[in-house]
Amino acid sequence: MIDADRLSKVYARGVYAIRDLSLKIDKGEFVFLTGPSGAGKTTFLRLLLREELQTEGRLMVHGRELASMSSGEVQTYRRSLGFVFQDFKLIPGKRVFENVSFVPRVLGVTVEQQRRRAFQVLKWVGLQHRMSAYPHELSGGEQQRIAIARALVNEPSLVLADEPTGNLDPDLSLEIMNLFREINARGTTVVVATHDRELIRRVGRRAIALAHGSLTEAV
Ligand SMILES: Nc1ncnc2c1ncn2[C@@H]1O[C@H](COP(=O)(O)OP(=O)(O)O)[C@@H](O)[C@H]1O
Ligand SMILES: [Mg+2]
């Protein structure tokens, strides 16, 4: 599913955010990406989102090399991904339902289908009764569940999350991880970046550890 081969990303001033990184993540896996702040976790996810291009090496997803995609192909590719951020990134002035169905609406999905899909994913994260709430009326844990529902609404084959529990307490963090485990149990590949080793230990899945942009000892 994901195949990085001697991948490097150098930002301006010669900073290697990713350095000579080779790794494989299989379809259907649930993998943590860990390491201290500055290790390159976010950069690797941004390369996977194709928001950045590598400086050296190769990155393949679904058998396609990301760097050689046309802009049209990049759009199609991104629709096969779901993304969850640390700070939820819900649109403040829009109700939960509108937040969740924003992408389907832009893609021209019918209103009827938008409703059906939004209800489905909201029910799945246990928040179908909050469809009409605004983000500021929800707790942090609830906002992150809404953000996860939004990431799932397009039925992505790959879900990427960058420190999704960074703003949540340990119990809520585990609850969010259980959602990712369920997403994964339904066949979706899941990659979660977190510096929280205790959480990784509690969830018990493969962890890819980075330091200074390279693989380091497993945690
Ligand atoms: N846009 C950027 N421009 C220059 N340097 C960057 C940029 N983004 C990240 N970096 C640098 O790349 C390294 C890896 O950062 P990052 O991928 O954000 O790590 P992590 O997510 O593990 O904390 C750090 O040294 C960081 O300062
Ligand atoms: Mg980061």
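Order of appearance sets the numbers: ligands from 1, and atoms from 1 within every ligand.
- The pair Asp26-Lys24 does not count as a salt bridge, with every side-chain nitrogen at least 4.0 angstrom from each carboxylate oxygen.
- The hydrophobic clustering, which links ILVMFWY residues whose side-chain heavy atoms are closer than 4.5 Å, places Ile2 and Leu81 together.
- Excluding waters, the count of protein N/O/S atoms less than 2.8 Å from the Mg ion (ligand 2) comes to 1.
- Cluster partners of Tyr16, by chain and number: Val10. The rule joins Ile, Leu, Val, Met, Phe, Trp and Tyr whenever side-chain heavy atoms lie under 4.5 Å apart.
- A salt bridge links Arg145 with Glu175: at least one charged nitrogen is closer than 4.0 Å to a carboxylate oxygen.
- Across every non-hydrogen atom of Ala4 and Phe44, the tightest pair is CB-CE1, 4.2 Å.
- Contact residues of ligand 1 (protein heavy atom closer than 4.0 angstrom to a ligand atom; sorted by chain and number): Tyr11, Val15, Ala17, Pro36, Ser37, Gly38, Ala39, Gly40, Lys41, Thr42, Thr43.
- Using modelled atom types and a 3.5 Å distance limit, the side chains of Arg181 and Asn178 yield a donor-acceptor pair.
- Between Ser68 and Glu73 the shortest heavy-atom distance is O-OE1, 4.2 Å.
- No cation-pi contact links Arg205 to Phe32, judged by a cut-off of 6.0 Å to the six-membered ring centre and 45° from its axis.
- Its side chain outside the 4.5 Å cluster rule for every partner, Val109 clusters with none of the Ile, Leu, Val, Met, Phe, Trp and Tyr residues.
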